[in-house]
There are 2 protein chains.
Amino acid sequence: MSKKTYSIGELARELDITTRTIRFYEDMGLLSPERRGQTRIYTPADRVRLKLILRGKRLGFSLAESRELIELYNPDTDNNQTQLKALLGKIAEKKAQLMRQLHDIEVMQIELDEAERRCQDAMRTADPSTLSGESA
Amino acid sequence: MSKKTYSIGELARELDITTRTIRFYEDMGLLSPERRGQTRIYTPADRVRLKLILRGKRLGFSLAESRELIELYNPDTDNNQTQLKALLGKIAEKKAQLMRQLHDIEVMQIELDEAERRCQDAMRTADPSTLSGESA
DNA sequence: TCCGCACTTTACGTTAACGTAAACTTGCGG
DNA sequence: CCGCAAGTTTACGTTAACGTAAAGTGCGGA
């Protein structure tokens, strides 16, 4: 069960990207779907990977960074101590980056709140020529 | 007091970018420093703008988006009701985007924490050939 | 006066992340 | 059998955000 698979078109529609994009990610080594003949067959795991990539994009990550992230989630059987140490290092690095972004977002939210308040104040005290009927 | 100004080189060093980058931002309309003859003179306000741009970059914003943000902070005397409404709309949009990013970051942090735990577990139960002397 | 350094403009080059077009195969409903 | 929709490969085009090189300007110090 849960043997479901996806065509490239299905995924493109669902995730709101083009098939070109999906094939491009494959070229970049971010995906390697199975094939039935020529045709690409995507598993739920492939779909998850795609969603990871898109989330990365929303956060401003490059495809290379997203590939790194994916590799962090798939420690593919290369588990000797040295490699694990390196992995932990990379994970810590990403976590630090996310903390920075978190901080940037908080500051930016505050600034936007202030801008919003100034804007609302300006609306109240502004040129009333465009008032359209609320004062009660 | 606080009449301080900056040369392009000073700003470049402090913010760890190149002068080419700063001039490029000017070409894109993100900065318009004063001139003493040919030479650009930057005010503290210009410096703040630059920092805004760089923070935007850390969050994956394009220069166009950063320019929008800066404009949101500088409602340059075009304060009629209609424009203000539009401004509030854009602000709300940015705030929504930041909320999405915030959520993405939280999810990613959780996933990285899990990856970290798996990685540490793997280190404990792994090939001990590279152990270097801690067990007490 | 000439040197060197920081600044300037102009312009072509580069990388990432796709877009777009052309030309081809393949499964299927009529 | 035919055509169309959805898949495929190949390849050139495009945009953003700078890098890099060339060639010139201005100025304080030996």
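We name chains A, B, ... by the order of the sequence lines, and we start the count at 1 in each one. Everything numeric here is computed off the predicted structure, so don't read it as measured data.
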What contact category does B:T19 fall into here, base, sugar-phosphate, or nothing, at under 4.0 angstrom with non-hydrogen atoms?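 Result for B:T19 = nothing.
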Categorize B:R35 for me: base, sugar-phosphate, or nothing, with a 4.0 angstrom heavy-atom threshold over every strand shown.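 B:R35: backbone/sugar contact only, no base atoms under 4.0 Å.
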Which residues pass the side chain to side chain contact (heavy atoms under 4.5 Å, CB included) test with [X], not counting sequence neighbours?
| X | result |
| --- | --- |
| A:R13 | A:E10 |
| B:E114 | B:I110, B:R117, B:R118 |
| A:A64 | A:S62, A:R67 |

Could you list by number each residue of residues 8-17 of chain B showing a heavy-atom separation from DNA chain C of less than 4.0 Å, or answer none if no residue does?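 Residues of residues 8-17 of chain B that come under 4.0 Å of DNA chain C are, in numerical order, B:I8, B:G9.
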How close or far is atom [atom2] of [N] from atom [atom1] of [X], stated in whole angstroms?
| X | N | atom1 | atom2 | answer |
| --- | --- | --- | --- | --- |
| B:R36 | C:dT8 | CZ | P | 12 Å |
| B:R23 | C:dA11 | CZ | P | 16 Å |
| B:Y42 | C:dT8 | OH | C1' | 11 Å |
| A:Q38 | D:dT8 | CD | P | 8 Å |
| B:I41 | C:dA6 | CD1 | C1' | 12 Å |
| B:D27 | D:dA16 | CG | C1' | 14 Å |

It should be established whether A:S7 places a side-chain nitrogen or oxygen under 4.0 Å from OP1 or OP2 of nucleotide D:dG7.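 So the side-chain polar atoms of A:S7 do come within 4.0 Å of the phosphate oxygens OP1 or OP2 of D:dG7, strictly under.
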Does a side-chain N or O from A:R40 land closer than 4.0 Å to OP1 or OP2 of D:dG7, or not?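 Checking D:dG7 against A:R40, no side-chain N or O comes under 4.0 Å of OP1 or OP2.
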Sugar-phosphate means primed atoms, P, OP1 and OP2; the rest is base. With that split, encode nucleotides 17-22 of chain D 5' to 3' as B, S or - using protein heavy atoms under 4.0 Å. BBBB--
Taking the side chain as every heavy atom from C-beta outward, state whether A:K51 and A:L54 have any atom pair closer than 4.5 Å.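 Not touching, per the 4.5 Å side-chain cut-off.
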Quick one: are A:L88 and B:M123 in side-chain contact, heavy atoms under 4.5 Å?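 Yes - at least one pair of side-chain heavy atoms lies under 4.5 Å apart.
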Output a table of donor-acceptor pairs, distance under 3.5 Å, between side-chain atoms of residues 97-104 of chain A and any protein atom two or more places apart or on a different chain; print 'none' if there are none.
residue: A:Q101; atom: NE2; partner: A:L59; partner atom: O; Å: 3.3
residue: A:D104; atom: OD1; partner: B:R58; partner atom: NH2; Å: 2.9
residue: A:D104; atom: OD2; partner: B:R58; partner atom: NE; Å: 2.7
residue: A:D104; atom: OD2; partner: B:R58; partner atom: NH2; Å: 3.4

State which residues pass side-chain hydrogen bond (donor to acceptor under 3.5 Å, both in side chains) with A:K94; sequence neighbours excluded, sorted by chain then number.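 Testing A:K94 for side-chain hydrogen bond (donor to acceptor under 3.5 Å, both in side chains), a comparison that skips the adjacent residues, returns none.
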Can you list the residues that meet the salt bridge (charged side-chain N to carboxylate O under 4.0 Å, His left out) rule with B:E106, with sequence neighbours excluded?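 With neighbours one apart ignored, the set is empty.
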Residues 39-50 of chain A side chain polar contacts: donor-acceptor under 3.5 Å, at least two apart:
residue: A:R40; atom: NH1; partner: A:E26; partner atom: OE1; Å: 2.8
residue: A:R40; atom: NH1; partner: A:E26; partner atom: OE2; Å: 3.4
residue: A:T43; atom: OG1; partner: A:A45; partner atom: N; Å: 3.2
residue: A:T43; atom: OG1; partner: A:D46; partner atom: N; Å: 3.2
residue: A:T43; atom: OG1; partner: A:D46; partner atom: OD2; Å: 3.4
residue: A:D46; atom: OD2; partner: A:T43; partner atom: N; Å: 3.1
residue: A:R47; atom: NE; partner: A:E14; partner atom: OE1; Å: 3.1
residue: A:R47; atom: NE; partner: A:E14; partner atom: OE2; Å: 3.0
residue: A:R47; atom: NH2; partner: A:E14; partner atom: OE2; Å: 2.7
residue: A:R49; atom: NH1; partner: A:L30; partner atom: O; Å: 2.9

